[in-house]
Amino acid sequence: MTIEETTEAPAAAGSGAAAQGAATTAGRAFDVERVLAALTLEEKASLLSGLDFWTTQPVDRDGVAVPGVMVTDGPHGLRKQAETPDHLGLGTSVPATCFPPAATLGSTWDPALLRRVGEALGRETRVNDVAVLLGPGINIKRSPLNGRNFEYLSEDPVISGELGTALVAGIQSQGVGTSLKHFAANNQEADRMRVSADVDERTLREIYLPGFERVVKRAQPWTVMCSYNKINDVYASQNHWLLTEVLRDEWGFEGLVVSDWGAVRDRGAAVAAGLDLEMPASGGRTDAEVVAAVRAGTLDEAVVDVAARRVLRLVARSLPALDAAAASGENFDVDAHHALAREAAAAGTVLLKNDPVDEAPLLPLASADGVAVVGELARTPRYQGAGSSQVNPTRLDDALSALRTATGAEVPFAAGYTVDGADAGSGTDAAALLAEAAEVARAAGTVLVFLGLPASYESEGFDRAHMDLPAEQVALLEAVAAVNPRVVVVLANGSAVSVAAWRHLAPAVVEGWLGGQAGGSAVVDVLLGAVNPAGRLAETIPLRLQDNPSYGNFPGELGHVRYGEGLLVGYRWYDARQADVAYPFGHGLSYTTFAYDGVAAEVLRPASGADDTTADDAVVRVTVTVTNTGERSGAEVVQVYVGDPESQAQRPERELKAFAKVDLEPGESREVTLDLVGRDLAYWHPVLRRWVVEGGEFVISVGASSRDLRGSATVVVEGEDVRLPLEPLSTVAEAMAHPVVGPRIQALVHGGAVAEDMLGMIGDMPLTVVADFGMGGFDRDGLTALLAEANG
Ligand code: BGC
């Protein structure tokens, strides 16, 4: 994607007024290169930080008129603050559609839907005169305890990258920008502004970076937001390797890097590392530091020019859409966006369990006759998380009213518990609330029990202390189940909660996540069967927190968090250990059933780790026929996992590499084709420091979840013969495996008498030691000659 720049003459006047909330005027376009050439060092430095909390600095003087533009949170709705600004969602903001947060969007596994959500977000951004929506957030869910997991899509980089791409493309199709965040390895809130994420490069490349890489390469976000934390002791904001070598030089990022709010410690180092725009305003302090660094000769003015150019381009590329929106006075369709929010929330709802009771599952509900609702969250929904992403919704649906409206039934209700200490209406005495709910449940045919995490449990700024629901909510479920076996639990939470202790009490469990402003009606759509659930878990629900791979290494201490589990994040860990989980990654039931037939994989051409994005890069074509074998139309998410059992490197058992959501009518069959590129087979070689595809066998598994594989095919792919150069410290075993000198060394060591059992003892001995001990029939000079021959 190329950056749109205009060649129109600089606007004469009025553009300095483009600060927060100001009406825009037509004709503000300017020529980036001409302006840049005309700016003083001080003016260029001023462009590199904010004017205030949300606006870039304007330049307005004779002959130069660069407006400031507004950037604003994000990610699942616009948080444009009209009055007091803050980055924690404390102050009020203009009404905007609160779409479901990322935890819910991630569970849709539906890029086409997220593209439409993105378009709506982009429209709201544009008509509100905002140039950049600060999102999406695509950090990997390393631990269920991360207080901000609700803002992130998945524990898996393919899901995060695919869905992130769709959101970015959708938002930017409206002429405004995005900020892909938080780059990178920001996987906890504890100590988030200082902590060093200590993580090896292979794990970064295979788990924590590829989501970003995919979005950058496929959708070119206008901006990337660096994270607060350090990565291996270097602040993300000052990390030249991350912000310049990886992001720009390797991935081809064309946009601007903005700091997270307050993430910059050393402004000169940050500019040099590739951090273009510091937010929010520093009151001119850091602008002066940049000027001083240039004058002192420690920062090249050309580097300042590069960053200033990127800010100018950002402003220039946003003006056409903002000015057109202001001129036309367009607005967004509140009803249509609410309807889309409802569709997205229903699509992200995951039916975890739907066991038969008296031979039939409880869901979908045949009608509301005899149905009772308990749980305060049915009446007072928790629909988004706290912090900078908190949107002021245009309206708010609650499940209780939605159920009553949809069915016309007078559905009995009891609060059962209070949320965050609020008065539930009949007093806050826990025992009385419980007794009242049990009474309502006893009289009902089926009971819908709404449970979930209160806002005080999960938020930006701190991590969760445990994975459990509040004890009073579990007590409510026990009280209800004791008097009525027909129990449906409906959950509201931004990240996995433990279910093992109570799920046997509920034949049906619906994971509604945080549904956004229409979450209440969306979950009712699913309960009543108006929508057939097709959400799939984008994060594993473990049996116990202690089973989670980061346990013991989260959230770290003394300023460091060690990513000790390496590549084995989420399902990769549980699969490696063959450990039971409550609900596996990719799981989600439907009101219909699907059959998989004829899983096949065809190799199209040799593979290389450099092939990663385009359809032309396809190396393996996977096909499977999926049939809707039930009586309702529904959607299945076909998941393709790849394993490399013969690799020299330790690799996860299997990894998600492709997926497709397919709508099928009852009885309908469809052949689904999914292509894998070289990168889907590759691993990051830590010594060669590049992607490699080792030639050989790969196992391609196709299924309905990571633990419900319905078929597999083994393919042999021509790839690299991955081999490191031999050196004096190479071992006997490594040398023997070498195709050129291996047989010679075999013949030399111990006079060719290295039997299998002997190899076990000396296999790990370095060649130089063999030479020194005289065990190899070669001395050091002989070894040098052998190595020269081996390495060509
Ligand atoms: C958050 C960002 C957010 C920014 C501005 C920071 O605290 O980490 O995600 O965009 O504030 O509100």
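Read the numbers this way: they start at 1 and go in the same order the structure lists the ligands and their atoms.
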What protein heavy atom sits nearest [atom], and how far away is it?
atom	result
atom 6 (C) of ligand 1	Asp260 OD1, 2.9 Å
atom 5 (C) of ligand 1	Asp73 OD2, 3.3 Å
atom 11 (O) of ligand 1	His87 CB, 3.4 Å

Of all the atoms in ligand 1, which lie at a distance below 4.0 Å from a heavy atom belonging to [X]?
X	result
Arg148	1 (C), 2 (C), 8 (O), 9 (O)
Met225	10 (O)
Glu460	1 (C), 6 (C), 7 (O), 8 (O)
Arg79	12 (O)

When you measure from atom 7 (O) of ligand 1 to each heavy atom in Tyr228, Trp54, Trp261, Phe53, which option holds the nearest one?
-> Tyr228
Exactly one candidate in Arg309, Arg267, Arg313, Arg310 meets salt bridge (Lys or Arg N to Asp or Glu O under 4.0 Å) with Asp276; the answer is Arg310
Any Ser389 side-chain heavy atom under 4.5 Å of Phe150 side chain | yes
Leu133 side chain near Ser179 side chain, heavy-atom distance below 4.5 Å | no
Does an N or O from Glu151, backbone or side chain, lie closer than 3.5 Å to an N or O of ligand 1?
-> no
Distance under 6.0 Å and angle within 45° of the ring axis: does Lys141 meet both against Tyr152?
-> no
Phe554 ring centre to Arg142 NZ or CZ under 6.0 Å, with the angle to the axis within 45°?
-> no
Side chain, backbone, both or neither: which part of [X] has a heavy atom under 4.0 Å from ligand 1?
X	value
Met193	neither
Glu189	neither
Lys181	side chain

SB check Asp333 Arg123 (cutoff 4.0 Å) = no
Please determine if Glu343 and Arg116 form a salt bridge, counting it only when a charged side-chain N lies under 4.0 Å from a carboxylate O.
-> yes
Non-hydrogen atoms of His182 versus ligand 1: any pair closer than 4.0 Å?
-> yes
Look at ligand 1 and say whether Arg192 reaches it with a heavy atom at a distance under 4.0 Å.
-> yes
Should the ring pair His337 and Phe332 be called parallel, tilted or perpendicular, given that the plane angle runs from 0 to 90° and is split at 30 and 60?
-> parallel
Under 30°, 30 to 60°, or over 60°: which ring-plane class applies to Tyr571 and Phe585, parallel, tilted or perpendicular?
-> parallel
